[in-house]
Amino acid sequence: MGDQFLRTICQFCHNNCGLLVRKSTSGHLLIHGDPEHPSNRGWCCPKAQANAEILLADDRLKRPLRKTRAGFQRISWDEALDYAADRLGEILAKHGPLSLARCTGAPVSYHSRDGFLQFMGEVGSPNLTGIGNLCMAPRMTAYRAVTGGARTEPDYDATNLAIFWGADPVGVKRFASYAAHGGMNRILPRLKERGVKIICIDPYFSATAQEADQWIRINPGTDTALGLAMIHVLVANEIYDKEFVAGYSVGLAELAGHVRDCTPEWAEGLTGIPAGVIDMLARTYAATKPAVIYEGNGLDMYANGVDAVRTIATLVCLAGNLDVPGGNVFMPFPHPAPLPTKALPINRRVWFDRFPLLPHVPFPAIKEAILGGEHNRPRAMIVHHGNPVLVQANEQRTRVALEKLDFLLVTELFPTATTELADLVLPMASAFECYGYRAYSSVAGGFFALARPIVEPVGDARPVFDVEYALASRMGLHRDYPFQDDRGWVDYMVKAHGVTVRRLEEEQIVFALPGVRYRKYTDSPCGTPSGKVEFFSRWFAQAGARPMPIYEEPAGESLSRDRCLEKGFPLRGTSRRPSQFVHTKFKTLDAITKSYPEPLVRMHPDDAVVRGVLEGEMVKVTSPQGTITVKARLSERTSPGLVWVDFGWGNPSDGKANINVLCNDGLFDPVSGGTPNRLFPCEVQKARVSEPKE
Ligand SMILES: Nc1nc2c(c(=O)[nH]1)N[C@H]1C(S)=C(S)[C@@H](COP(=O)(O)OP(=O)(O)OC[C@H]3O[C@@H](n4cnc5c(=O)[nH]c(N)nc54)[C@H](O)[C@@H]3O)O[C@H]1N2
Ligand SMILES: Nc1nc2c(c(=O)[nH]1)N[C@H]1C(S)=C(S)[C@@H](COP(=O)(O)OP(=O)(O)OC[C@H]3O[C@@H](n4cnc5c(=O)[nH]c(N)nc54)[C@H](O)[C@@H]3O)O[C@H]1N2
Ligand code: SF4
Ligand SMILES: [Mo]
């Protein structure tokens, strides 16, 4: 038998590229992009090879581990499941269903999104939490308030202007939200060939900014002010799409009154962008039809992220770019079957009264309920496919909260800062060791792709859905489960569209929805209370939240120069994600670390010189929350006074510093619970100050 060629998908980042794996007779795996996958068409990034490295990694978790006084002890699956069933059973019996919380990481794979979701449904606990407060929840909630739909995707091929706002898709090699048009490597050349103007709004001269015709440098977290001023220009000059606004929206009069004083001159003082540039940006956006705005994660991690994106969604609608060819479009996306299959008592979840507008509980609410010893606090937590200790603001307090739990179960591939705190660690099968799938949108239609087992799981690692079902069975919660293992889960999820796992095995890519249909609002109402686009959000108003966006301090407190100087923190700090890796993952693998071995802090040479800091020197970065030591990189891509610390380190195995030691978890976005992980006051000093010579 010769080499085997197997088609599957990568699940390291949200792109979920199609892969073609060449498996030799000796078992060696060589990974290529799948030429027939509609979104990446043969391309893949260097991280794809890590899918194979994971299978051989020395430090991969291979057996269940139970914490004892003598440290972690290897146990069998039977012992692990009995132990988990006993502890969870006791806690649920004593404190009721709300005492269990589930915390997941970024939904880079649907295992992450769905693992233990049905379990929570069977238990009856609505306490689902994760990284939403730092990623996507602000953007999705904002879009939903204005348009009634989740996020839109830019229709790049038919557009005449592309604005990248708080996003660096060139840097992170990010596709459009659901891969509708493939990667930037395909999109950008096509835009440039057609002479489409590209504008990037970013405090940093990012990889996307370098590709743009115009880079607009903005002070971090001040996008709401820019957005309000642009709305002011459109409304005051009546250069909005009158036909769309009259036919399909409500609330323009309220909005016009609301932004009357939000002039470009007002916004200049906050954003640092000259008023003339703001005025021209707004006029260019209004006059160039159609135009797209792609808003990114650069807007989420502030205490005012929801309102920033509400201004963007408002602009998209005012300019008549919603759901039109070449605008911001609701692309056909095959939504999978409902999970859990049972309705959860949402209004009983932790801090529902403060965060009623979100699909899930923001992590800060769970954390504060535990730290405050609240009566209804979670006492047990299942952390699945996430690393909350490192990724949430203020690592120190997150640790204390997780340590206070009566029982912490963590499913993982590798030892992490979070597994260290666990009572029980369960070793999971990785993407190449089990079934999975992904739904994609595209102009040509919504489709599914399959992830299939390429090899047997290492050691005793098991797919999450097998484990979840086995645990549910032990606890008598399995009767209504719609699946019993990973393959059954895929089958159940795609069945909603008449697709089966068997068909996916045969065809790999299955289109489930027809091509895009534009202007759906003309024949079906929007998902807002009025059925129209709402510039004055009735949904927010009904929940006691402010119906229109307001500019507020992005860090939740004033970071004015004078105030910071007075406190001894003359610099502002923020964070970056290098594209060589994804978050805190896999820093012990060659494919990930060889091109980027350690976290850096990028600072402007003007800030470095006055501190005597040289390129490549180790420096201490101190904020009111803590201090970390990282290597300095001098760069004019940032502005004086603003330093950028890399996010993604801090696991015991990498032994490097975690930026979230510096971030404040005490203040958050009133709607999303977003913490200012991208903005904190700080000071930088040389780590080693040389002694004066005798
Ligand atoms: N300061 C700062 N903080 C940030 C960010 C930032 O830019 N700056 N970014 C934020 C954003 S946008 C996000 S999305 C979050 C990311 O937050 P997380 O998603 O929690 O971070 P990851 O490092 O991706 O953690 C995923 C964990 O899942 C494990 N894993 C991988 N595959 C599997 C699997 O198949 N099964 C199981 N059980 N485990 C698996 C990995 O080993 C890893 O430890 O961080 C947020 N925090
Ligand atoms: N290789 C790789 N790919 C990834 C990830 C990864 O870690 N590695 N993570 C995945 C995840 S979970 C996510 S959420 C996405 C993120 O992908 P994107 O949504 O593109 O977000 P970022 O790459 O964080 O880029 C955000 C940009 O916003 C800028 N920015 C920061 N603050 C502000 C601000 O206040 N205003 C404005 N206008 N801009 C600001 C930053 O300088 C940065 O250039 O990428 C995904 N893809
Ligand atoms: S890590 Fe690379 S290959 Fe994998 S999905 Fe993301 S971009 Fe594609
Ligand atoms: Mo994210």
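In each ligand, atom 1 is the first atom listed, and ligand 1 is the first ligand listed. These numbers come from a predicted model, not from an experiment.
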Under the ring pair (Phe, Tyr, Trp, His ring centres under 6.0 Å) rule, what do Phe586 and Phe414 come out as? Steps first, then yes or no, please.
CA-CA 8 Å; Phe586 314 149; Phe414 288 96; 5.5 Å; yes

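- Near Ala48, meaning under 4.0 Å from any of its heavy atoms, are these atoms of ligand 3: 3 (S).
- Atoms of ligand 1 lying under 4.0 Å from any heavy atom of Gly105, numbered from 1 in the order shown and given with element: 18 (P), 19 (O), 20 (O).
- Numbered from 1 in the order shown, with element, the atoms of ligand 1 that lie under 4.0 Å from a heavy atom of Asn660 read 1 (N), 2 (C), 3 (N).
- Taking every non-hydrogen atom of Leu413 and a distance limit under 4.0 Å, the qualifying atoms of ligand 1 come out as 31 (C), 32 (N), 33 (C), 34 (C), 40 (C).
- Proximity of Met428 to ligand 1, defined as any heavy-atom pair under 4.0 Å, is confined to the side chain (atoms from C-beta onward).
- Here the side chains of Ile628 and Leu662 are in contact, with some heavy-atom distance below 4.5 Å.
- Near Cys13, meaning under 4.0 Å from one of its heavy atoms, ligand 3 places the atoms 5 (S), 6 (Fe), 7 (S).
- Phe119 does not carry Arg102 over the face of its six-membered ring by the limits of under 6.0 Å from the centre and within 45° of the normal.
- Backbone and side-chain nitrogen or oxygen atoms of His583 are examined, and one is located within less than 3.5 angstrom of a nitrogen or oxygen of ligand 1.
- Taking the centre of each ring, Tyr437 and Tyr110 come in below the 6.0 Å mark.
- Phe668 and Phe363 have their aromatic ring centers separated by at least 6.0 angstrom.
- Protein heavy atom at the shortest distance from atom 47 (N) of ligand 1 is Val391 O, 2.9 Å.
- The aromatic ring centres of Tyr469 and Phe483 sit 6.0 Å or more apart.
- We find that Lys367 and Asp665 are joined by a salt bridge, their nearest charged nitrogen and carboxylate oxygen being less than 4.0 Å apart.
- Contacts with ligand 1 closer than 4.0 Å are made by side-chain heavy atoms of Asn297 only, the backbone lying farther away.
- Atom 8 (Fe) of ligand 3 has no N, O or S atom of Cys44 inside 2.8 Å of it.
- At the shortest separation from atom 10 (C) of ligand 1 among protein heavy atoms lies Met301 CE, 3.7 Å.
- The heavy atom nearest to atom 19 (O) of ligand 1, out of those in Gly298, Ala106, Ala431, is found in Ala106.
- Using a cut-off of 2.8 Å, one finds that Cys10 contributes no N/O/S atom close to atom 6 (Fe) of ligand 3.
- Inter-residue side-chain proximity for Val458 and Lys62 is flagged as met; some heavy-atom pair is nearer than 4.5 Å.
- Every atom of ligand 3 with a heavy atom of Phe12 under 4.0 Å away is listed here by number and element: 1 (S).
- A 4.5 Å side-chain heavy-atom check between Lys585 and Ile592 finds every atom pair outside the cut-off.
- The shortest distance between side-chain heavy atoms of Pro415 and Glu420 does not fall below 4.5 Å.
- Ligand 1 has no atom lying under 4.0 Å from any heavy atom of His111.
- By the criterion of a heavy-atom distance under 4.0 Å, the side chain of Ile131, and not its backbone, is placed next to ligand 1.
- Looking from atom 23 (O) of ligand 1 to the surrounding protein, the closest heavy atom is Thr584 OG1, 2.5 Å.
- Contacts between Gln392 and ligand 1, counted as non-hydrogen atom pairs separated by less than 4.0 Å, are absent for every part of the residue.
- Using a 4.0 Å cut-off between heavy atoms, Ile659 contacts ligand 1 through its side chain alone, with no backbone atom that close.
- Ligand 1 has Phe586 within reach: a non-hydrogen atom of the residue lies less than 4.0 Å from it.
- Residue contacts with ligand 3 for Trp43 involve side-chain atoms from C-beta outward but no N, CA, C or O (heavy atoms, distance under 4.0 Å).
- Note on ring orientation: taking the six-membered ring where Trp is involved, the planes of Tyr204 and Trp644 are tilted (angle from 30° to 60°).
- Side-chain contact check for Leu408 versus Val410: some heavy-atom pair is nearer than 4.5 Å.
- Ring-plane geometry between His583 and Phe647 is classed as tilted, the angle between the planes lying from 30 to 60 degrees on a 0 to 90 degree scale.
- Between Ser430 and ligand 1, no N or O atom pair is found at a separation short of 3.5 Å.
- Within 6.0 Å of CD in Glu403 there are more than 12 heavy atoms belonging to other residues, nucleotides or ligands.
- Not a single heavy atom of Met136 lies less than 4.0 angstrom from ligand 1.
- Considering only heavy atoms from C-beta on, Ser430 stays 4.5 Å or farther from Asn51 through its side chain.
- By the criterion of a heavy-atom distance under 4.0 Å, the side chain of Ser575, and not its backbone, is placed next to ligand 1.
- Which parts of ligand 3 touch Asn16 is read off a 4.0 Å heavy-atom cut-off, strictly below it: atoms 5 (S).
- Set against the non-hydrogen atoms of Lys47, the atoms of ligand 3 under 4.0 Å away are 1 (S).
- Only side-chain heavy atoms of Thr416 come within less than 4.0 Å of ligand 1; its backbone N, CA, C and O stay farther off.
- A donor atom on one side chain and an acceptor atom on the other are not found under 3.5 Å apart for Asn40 and Asn15.
- Between Arg60, Gln11, Glu412, His385, it is His385 that holds the heavy atom closest to atom 36 (N) of ligand 1.
- Salt bridge present: Glu368 and Arg397 bring a charged side-chain N and a carboxylate O closer than 4.0 Å.
- Checked for salt-bridge contact, Arg139 and Glu295 miss the test: no charged N lies under 4.0 Å from a carboxylate O.
- Contact atoms of ligand 1 toward His384: 38 (N) (distance under 4.0 Å to a heavy atom of the residue).
- Heavy-atom proximity to Asn15, at under 4.0 Å, picks out these atoms of ligand 3: 5 (S), 7 (S).
- For the residue pair Asn185/Arg41, the side-chain donor-acceptor check at 3.5 Å is not satisfied.
- Taking only nitrogen or oxygen atoms, main chain and side chain alike, Cys663 does not reach within less than 3.5 Å of ligand 1.
- With a heavy-atom cut-off of 4.0 Å, Arg577 touches ligand 1 through its side chain alone.
- Contact check for Glu211 versus Met184: no side-chain heavy atoms found under the 4.5 Å cut-off.
- The closest side-chain heavy-atom distance from Leu81 to Val467 is below 4.5 Å.
- For ligand 1, the atoms lying closer than 4.0 Å to a non-hydrogen atom of Cys135 are 12 (S), 14 (S).
- Scanning all protein heavy atoms for the shortest distance to atom 20 (O) of ligand 1 gives Asn387 N, 2.9 Å.
- Close approach of ligand 3 to Cys45 is summarised as follows: ligand atoms under 4.0 Å from at least one heavy atom of the residue are 1 (S), 2 (Fe), 3 (S), 7 (S).
- Under 4.0 angstrom from ligand 1, there are no non-hydrogen atoms of Arg576.
- If you check which protein heavy atom lies closest to atom 46 (C) of ligand 1, you get Leu134 CD1, 3.7 Å.
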